[in-house]
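Position 1 is the first residue of the sequence, and the numbers go up from there.
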Amino acid sequence: MEHGDKIRNRVIDWGFFVLLLGAVSAVTLTLFYRQCMGNPEYYPSDMEAYILEMQGLESGYDFPYPVLFKVSALIHLAAGPELSVALAVMFFNSLAILVTKLAFNRLALPGLQKALAPRGQKGRGADMSWLGGIILTLGAVSLFFISMLYPPPGIYLPGIRFKYTGVFTANPYHNATYLAARPFGILAFLWFVRLLPVYEKGPAKSAGEREGAAVSDYVLFAVFLLLATMTKPSFTLVMVSTAGLVMLWRLIRSGFGNFVPTVQLGLCFLPTFADLLYQYRGVFVAEPGQEGGVGFCFGDVWGLYCDNIPLALCLAVGFPLLVLVCNWRELRRNTFFRFSWLFYLLAFAEAFLLYEKGFRETHFNFSWGYMYGIFFCHLGALLQLLQAPGQGAGEKSRTGEKREKGAGMDQKSLWRKGLYVLQWGAYLCHVVCGLFYFGLLLSGEGYY
């Protein structure tokens, strides 16, 4: 009977996910195809340049990251150039949703199912564990529609000139290379978090060894990070900075006692470093009569687009900030949650303090890394909320007695449940804003 329930739950889970992913793929393909075919005045994006690059024609830009264009060229063998690029972007965006769903199922599904089907309840009518898969599907899919918070038309927020520009979003649907790199970025992020608690023990010498990570985990992390870099390097710049800071801190704290394991993990970054050198050998070369390279500032470039950066930060990460305030103790216990916030802080620091000299200064290209920070900050916060019911299952009171269902809840328990609902309410605000924002893009309104 238990085996049958597991099969039923899995069929419901993945059946619902496939249907929802199919619908999402259809509407996103519609947007991407309109960006490829439509008037840039109504569907502003870089799709025209991507289509030329995919065909090997002069686009006027330098794109030393070939993954999106090679996949588009492969599809172009059977479809027109515009449809090929649109299908490629849709594929990578849907792949990112699938990766997130798989991660949620692995990290949160057991706890959710346990919370939804408590022990002691027998019979299929009492088993609601199938609902856990549906909740995780809705969480994984909705994450790719969230946007920055913004008010209805006619309401002005001090210093905020635009919905998107200067505030930014986790889902910039007008930038195909960002979307294409994201599934590899998610995988690299997941595998580094997997390695983080155990890399100081060194690679496991055998498959059955409990200490250390498998050599395959090191290899997969290196591959995913390289693929992300070869698609768009913005994620990699933040990832390398964040990982390097953590590894350096642990190296110093241990008195260089973990030097060999640190080097072993560091070797995973070498292929990516080689590709970054290849990419940037031409990007930061100065134009005639202009400066080149990277400079330091104090929010000067950001200030070109926004007069109230503190408010812009709250609008971009309102939900994660609330989750952090309500769950700050989890920073010590939850590696994923902690690393997602560190990733965001490094992404913010790079966007706030660095800029490209010369004509690229106003392009604010370091904002792409910041948008990855927004995404992973939301991802960590959402996963923390999804894991919370499982963490609370079987909770004991301070007296050591298990709370029984139907027993009166004390004030602290009510307060905790109220905060939980408040956090979900904040997430819902991001989702609602995101759905309206996506609808505006789909109708041809600019992303600004």
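Ring geometry, F348 versus F352: the interplanar angle falls under 30°, so the pair is classed parallel (tilted spans 30 to 60°). Relative ring orientation between F273 and F269 is described as parallel, the plane-to-plane angle staying below 30° on a 0-90° scale split at 30° and 60°.
With sequence neighbours excluded, the residues satisfying ring pair (Phe, Tyr, Trp, His ring centres under 6.0 Å) with F192 are F221, F339. Take Y305 and apply the ring pair (Phe, Tyr, Trp, His ring centres under 6.0 Å) test, not counting sequence neighbours, and it matches no residue.
Of the possible polar contacts, one joining the Q279 side chain to the T229 backbone as a donor-acceptor pair under 3.5 Å is found. The backbone N or O of F337 sits less than 3.5 Å from a side-chain atom of N334, completing a donor-acceptor pair. Using a distance-only test at 3.5 Å, with no hydrogens or angles considered, no donor-acceptor pair links the side chain of Y65 to the main chain of L68. No donor-acceptor pair under 3.5 Å is formed between the side chain of Q423 and the backbone N or O of P320.
What you find for N171 and F144 is that their closest heavy atoms are ND2-C, 3.3 Å. When all heavy atoms are compared, the tightest approach of G369 to A347 is O-CB, 3.4 Å. Between A188 and M239, the shortest heavy-atom distance links the atoms O-CE, 4.1 Å. Nearest heavy atom pair, residue H430 against residue A316, reads CE1-O, 3.7 Å. Closest heavy-atom contact between V301 and C297: N-SG, 4.4 Å. Nearest heavy atoms, V71 versus A88: CG1-CB, 4.1 Å.
Considering only heavy atoms from C-beta on, Y50 comes within 4.5 Å of F63 through its side chain. Inter-residue side-chain proximity for F376 and V238 is flagged as unmet; no heavy-atom pair is nearer than 4.5 Å. Side-chain contact between L383 and L107 is present, with heavy atoms from C-beta onward closer than 4.5 Å. Taking the side chain as every heavy atom from C-beta outward, F104 and L109 never approach each other to under 4.5 Å. The shortest distance between side-chain heavy atoms of R161 and Y448 does not fall below 4.5 Å. The shortest distance between side-chain heavy atoms of V67 and F92 falls below 4.5 Å. When side chains are defined from C-beta on, W249 does not count as touching L245, because their heavy atoms never get closer than 4.5 Å. Counting only heavy atoms from C-beta outward, the side chains of M148 and Y437 approach each other to under 4.5 Å.
Side chains of Y199 and Y218: a donor-acceptor N/O pair is absent below 3.5 angstrom, by distance only. Between the side chains of W191 and D217, a donor-acceptor pair is found at a separation under 3.5 Å. Side chain to side chain, N365 and S367 fail the donor-acceptor criterion of an N or O pair below 3.5 Å. Y447 and S45 are not linked by any side-chain donor-acceptor pair at a separation below 3.5 angstrom, with hydrogens and angles left out of the test. Side-chain contact, S94 with S25: a donor N or O sits under 3.5 Å from an acceptor N or O. Side-chain contact annotation: N93 with R182, donor-acceptor N/O pair under 3.5 Å present. Residues E350 and S241 bring a donor and an acceptor atom of their side chains to less than 3.5 Å of each other.
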> When you look at Y150 and F162, which way does the side chain to side chain contact (heavy atoms under 4.5 Å, CB included) test go after all the steps?
Replying inline: CA-CA 9 Å; Y150 60 91; F162 311 97; over 6 Å; no
> Should T262 and L265 be marked as a side chain to side chain contact (heavy atoms under 4.5 Å, CB included) after you check the CA-CA gap, both sets of side-chain angles, and the distance that decides it?
Replying inline: CA-CA 5 Å; T262 301; L265 181 56; over 6 Å; no
>> Run the side chain to side chain contact (heavy atoms under 4.5 Å, CB included) test on L353 and F298 for me, step by step, so that the C-alpha distance in whole Å, both residues' side-chain angles and the decisive distance to 0.1 Å come before the verdict.
In response: CA-CA 5 Å; L353 299 175; F298 197 72; 4.0 Å; yes
> Given the rule in the ring-ring contact (aromatic ring centres under 6.0 Å, His included) test, do Y344 and Y372 qualify, once you have shown the distances and angles that lead to the verdict?
Replying inline: CA-CA 8 Å; Y344 170 80; Y372 277 114; over 10 Å; no
>> As a quick check of understanding, evaluate ring-ring contact (aromatic ring centres under 6.0 Å, His included) for H174 and Y164, giving each step before the final call.
In response: CA-CA 11 Å; H174 61 280; Y164 159 83; 5.0 Å; yes
>> Set out, in order, the CA-CA distance, both residues' side-chain angles and the distance that settles side chain to side chain contact (heavy atoms under 4.5 Å, CB included) for F336 and L190, then state yes or no.
In response: CA-CA 8 Å; F336 196 106; L190 289 168; 3.4 Å; yes
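Judged as a salt bridge (Lys or Arg N to Asp or Glu O under 4.0 Å), not a single pair has a partner in residues 372-382 (not counting sequence neighbours).
Cation-pi check for K232 over Y178 is not met; the charged atom does not lie both under 6.0 angstrom from the ring centroid and within 45 degrees of its normal.
Using a 4.0 Å cut-off between charged side-chain N and carboxylate O, R8 and D13 make no salt bridge.
How far CG of L313 is from CG of N308: 9.0 Å, rounded to the nearest 0.5 Å. The CD atom of Q387 sits 6.5 Å away from atom CD of Q384, with the distance rounded to the nearest 0.5 Å. How far CD of E445 is from CG of L441: 8.0 Å, rounded to the nearest 0.5 Å. How far OG of S147 is from CG of L315: 10.0 Å, rounded to the nearest 0.5 Å. One distance of note links CG of D300 with CZ of F364; it measures 10.5 Å at 0.5 Å rounding. The CZ atom of F17 lies 11.0 Å from the CG atom of L19; values are rounded to the nearest 0.5 Å.
With ring centers used as reference points, F343 lies under 6.0 Å from F235. The distance between the ring centers of Y370 and W302 falls below 6.0 angstrom.
Within 6.0 Å of atom CH2 in W424, more than 12 heavy atoms from other residues, nucleotides or ligands are found, so the atom counts as buried in its surroundings.
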